[in-house]
Amino acid sequence: MLVRVAVVEDETELYGYYGKLMEAWGKARNVRLAPTFIASAEEYLFKYDRQNIFDIIFLDVCMKDMNGMELGHEIRKSDRNAQIVFLTGKSEYVFEGYEIGAVRYLIKPVREDEMLKALDACLEKLEGSREDYLIMKYQGENLRISRSEIMLIQVEGHYLKMQMVDRAYEWKASLKEMLAKLDPARFVPANRSAVVNLEFVSKITHEECILENGEAIPVSRGAYGPLNEAFMKYFFKG
């Protein structure tokens, strides 16, 4: 298993320490780690913003200019799946960190046992969510897409258009092929040429399916019943 890790930390003298802890943890867990050390929030945004390539991101809260908490909020605008761990010498940011969905909050100087516990917690969450990724060929390259960030898939002529949270992909394929790779309990047809992710549906009428971003998808007469039933089951199954 390969795990891509980013450490956004302006105290560059800590890179060696963090690297050794991660290497030892990876060997013990039979996990291949690919760490990337980044010296500032600005550098992260310049090089990696919205690429969503990291599985685990360690963020130093107290950095110059943009701090780690602010960067965490920016990351969450496009990436709901990265496991975020905050590093800091202060404890007053703890509650805001959990609002971002942080897995752990490590007080500096970071102890070895705390770092290992954080990596274990991240690995557990990653192993549970790995199946949520879709690997597909796009413009000659392998693309890893999180199913949880797909809002809508539409047929446009001989092409499929996949609307994500922050971007769109378009390629030649059939809707039937795509549906075979998705969970039918979450991805449901609104009509013969459009499939919606129920996670992003805010309202369903006999004529339209309204997404969180305000987009209205036409609902066909035959699709309304199954779509509405699937929506109720998805959100009220408990």
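These figures come from a predicted structure and were not determined experimentally.
Y18 places a side-chain heavy atom less than 4.5 Å from the side chain of M115. Between M22 and V5 the shortest side-chain heavy-atom distance falls below 4.5 Å. Counting heavy atoms from C-beta on, the side chains of L227 and I204 come closer than 4.5 Å. Side-chain contact between D10 and D60: present, with at least one pair of heavy atoms (C-beta onward) separated by less than 4.5 Å. Using a 4.5 Å heavy-atom threshold, the side chains of Q163 and Q154 count as separate. Residues L198 and V188 have side chains in contact (heavy-atom distance under 4.5 Å, counting atoms from C-beta outward). You'll find the side chain of V196 reaches within 4.5 Å of the side chain of L211, heavy atoms only. Looking at I84 and F58, their side chains never come closer than 4.5 Å, going by heavy atoms from C-beta outward.
What you find for M178 and L160 is that their closest heavy atoms are CB-CD1, 3.8 Å. For D49 against L45, the heavy-atom pair with the smallest separation is CB-O, 3.0 Å. Closest of all the heavy-atom pairs between G68 and F86 is O-CE2, 3.6 Å. When all heavy atoms of V8 and A41 are compared, the pair lying nearest together is CG1-N, 4.0 Å. Taking every heavy atom of both residues into account, A121 and V103 meet most closely at CB-CG1, 3.6 Å. The two atoms that bring L152 and A194 nearest to each other are CD1-CB, 4.3 Å, heavy atoms only.
L14 and W25 fall within the same hydrophobic cluster, defined by Ile, Leu, Val, Met, Phe, Trp and Tyr side-chain heavy atoms under 4.5 Å apart, directly or through other members. The same ILVMFWY cluster, assembled from side-chain heavy atoms under 4.5 Å apart, contains both I53 and L71. At a threshold of 4.5 Å between side-chain heavy atoms, the hydrophobic network of Ile, Leu, Val, Met, Phe, Trp and Tyr places I210 and M151 in two separate groups. Linking ILVMFWY side-chain heavy atoms closer than 4.5 Å, directly or via other members, places V155 and Y159 in two distinct hydrophobic clusters.
In terms of the side chain to side chain contact (heavy atoms under 4.5 Å, CB included) criterion, residue partners of A82 (sequence neighbours excluded) are, by chain and number, I57, R76, D79. With sequence neighbours excluded, the residues satisfying salt bridge (Lys or Arg N to Asp or Glu O under 4.0 Å) with D113 are R111. Not a single side-chain hydrogen bond (donor to acceptor under 3.5 Å, both in side chains) links E207 to another residue, sequence neighbours left out. Remark: E229 engages K233 in a side chain to side chain contact (heavy atoms under 4.5 Å, CB included) (not counting sequence neighbours).
To the nearest 0.5 angstrom, L123 atom CG is 9.5 Å from Q83 atom CD. Interatomic distance, CZ of R4 versus CG of L126, reported as 11.5 Å (0.5 Å rounding). Here the CZ atom belonging to R80 is positioned 6.5 Å from the CD atom belonging to E199, to the nearest 0.5 angstrom. From H158, atom NE2 reaches atom OG of S174 across 12.5 Å, with rounding to the nearest 0.5 Å. Atoms CG and NZ, on D120 and K125 in that order, are 13.0 Å from each other to the nearest 0.5 Å. To the nearest 0.5 Å, atom CD of residue E212 and atom CG of residue N197 are 9.5 Å apart.
Screening L106, I107, L119 for a side chain to side chain contact (heavy atoms under 4.5 Å, CB included) involving E114 leaves a single residue, L106.
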Show your reasoning for whether side chain to side chain contact (heavy atoms under 4.5 Å, CB included) applies to K27 and E23.
CA-CA 6 Å; K27 288 181 179 179; E23 182 179 3; 3.6 Å; yes

Side chain to side chain contact (heavy atoms under 4.5 Å, CB included) evaluation trace for V165 with S78
CA-CA 7 Å; V165 172; S78 65; 5.9 Å; no

Evaluate the criterion side chain to side chain contact (heavy atoms under 4.5 Å, CB included) for residue pair M164 and I145; output intermediate values, then yes/no.
CA-CA 9 Å; M164 308 291 290; I145 290 177; 3.2 Å; yes

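Counting only distance, with no hydrogens or angles, the side chain of R147 and the backbone of K181 share a donor-acceptor pair below 3.5 Å. For E170 (side chain) and M162 (main-chain N/O), no donor-acceptor pair under 3.5 Å exists by modelled atom type. With hydrogens and angles ignored, the 3.5 Å screen pairs a side-chain donor or acceptor of E43 with a backbone N or O of A39. The backbone N or O of C62 sits nowhere less than 3.5 Å from a side-chain atom of N67 that would complete a donor-acceptor pair.
Electrostatic pairing of E11 and K108 counts as a salt bridge here, judged by a charged N lying under 4.0 Å from a carboxylate O. For E112 and K117, the salt-bridge test fails: no basic side-chain N is under 4.0 Å from an acidic carboxylate O.
Sparse packing is recorded around CZ of R192, with 12 or fewer heavy atoms of other residues, nucleotides or ligands lying under 6.0 Å away. No more than 12 heavy atoms of other residues, nucleotides or ligands shown are found within 6.0 angstrom of CZ on R221.
Under the ring pair (Phe, Tyr, Trp, His ring centres under 6.0 Å) criterion, the residue pairs touching residues 26-50 are Y15-F37, Y44-Y48, Y48-F54, with sequence neighbours excluded. Each ring pair (Phe, Tyr, Trp, His ring centres under 6.0 Å) pair with one or both residues in residues 165-220, not counting sequence neighbours, appears once here: Y138-Y169, H206-Y224.
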